[in-house]
Amino acid sequence: MTRVRVDRDVAASAHQVWALLTDWPSHGRWVPLTRVRTTSARPDGVGASFVGRTAVGPLGFDDPMTVTLWQPPTAVEPGRCTVRKSGRVVLGEAGFVVEPVGATRCRLTWVEDIEVAGVRRLPFAGAVTRWAGARAFGAMLRKVAREAERA
């Protein structure tokens with residue numbers, strides 16, 4: 001497994017950022033070439049599931065995920081969400097923490113412990129995955145922050 005961690009300060013409340021991040025289809029606005037759909041009856045809470053489909057034309061892969069931890073933020077406590085990735089291409093766990101910093105700001109931390117099938121045994125696979133993941137998740141969090149700050 002390779003760990004990728006990205007932090008971002010956001011000029012929006014923890015509740016706003018939590019609501020945005022846990023609206024699973026919204027992730028398609030921030031992740032290039034990806035659409036996300038909820039696959040469970042409820043979109044929230046432990047056991048909720050969704051699938052990210054990343055594709056260019058007919059070539060792509062599904063990234064099915066199930067929520068394993070769901071703790072919304074309070075005025076003083078951080079919110080935490082973790083999902084298990086169970087696809088054929090991307091495996092592992094992803095999650096985020098939304099920590100209140102006053103009433104109108106928060107600190108967002110995104111962490112992924114991932115393996116990419118077909119890449120994990122290559123020399124330097126962990127370093128390449130970490131580098132690419134940091135750039136991709138960094139870009140995603142910039143988009144999330146911009147959207148939350150405009151709301």
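These numbers come from a predicted model, not from an experiment. Side-chain atoms are counted along with the backbone in the values below, which use heavy atoms only and exclude waters and symmetry mates.
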Residues in side chain to side chain contact (heavy atoms under 4.5 Å, CB included) contact with T22, at least two apart in sequence or another chain: W18, W24, W70, F96

Path from V17 to V67 over hydrophobic side-chain contacts below 4.5 Å: yes

Contacts of type side-chain hydrogen bond (donor to acceptor under 3.5 Å, both in side chains), residue R105, not counting sequence neighbours: none

Side-chain cluster (under 4.5 Å, hydrophobic types only) that M1 belongs to, other residues: none

Pair listing, salt bridge (charged side-chain N to carboxylate O under 4.0 Å, His left out) test, anchored in residues 29-43, at least two apart: R29-E147, R42-D44

Donor-acceptor contact present, side-chain T38 to main-chain S40, <3.5 Å: no

W30: partners by ring pair (Phe, Tyr, Trp, His ring centres under 6.0 Å), with sequence neighbours left out: H27

Which residues share a side chain to side chain contact (heavy atoms under 4.5 Å, CB included) with A145, sequence neighbours left out: R8, V10, E149

Atom of P78, atom of P100 and distance for their closest heavy-atom approach: CA-CD, 3.8 Å

Connected via hydrophobic side-chain network under 4.5 Å: W110 and V36: yes

Hydrophobic cluster identity match, M140 and L20, side-chain contacts under 4.5 Å: yes

Pair listing, side chain to side chain donor-acceptor pair (under 3.5 Å) test, anchored in residues 77-101, at least two apart: D63-K85

Show me the side-chain donor-acceptor pairs of residues 45-61 shorter than 3.5 Å, one per line, residues at least two apart or across chains.
{"unit_1": "S49", "atom_1": "OG", "unit_2": "T39", "atom_2": "OG1", "d": "2.8"}
{"unit_1": "R53", "atom_1": "NH1", "unit_2": "D62", "atom_2": "OD1", "d": "3.3"}
{"unit_1": "T54", "atom_1": "OG1", "unit_2": "T34", "atom_2": "OG1", "d": "2.7"}

Residues that T109 engages under side-chain hydrogen bond (donor to acceptor under 3.5 Å, both in side chains), provided they are two or more places apart: D7

Ring pair (Phe, Tyr, Trp, His ring centres under 6.0 Å) partners for W131, two or more places apart: none

Hydrophobic cluster identity match, V90 and V31, side-chain contacts under 4.5 Å: no

Chi angles and distances behind the side chain to side chain contact (heavy atoms under 4.5 Å, CB included) call for L108, L21: CA-CA 10 Å; L108 172 56; L21 284 171; 3.5 Å; yes

Pairing residues for D9 by the salt bridge (Lys or Arg N to Asp or Glu O under 4.0 Å) criterion, not counting sequence neighbours: R107

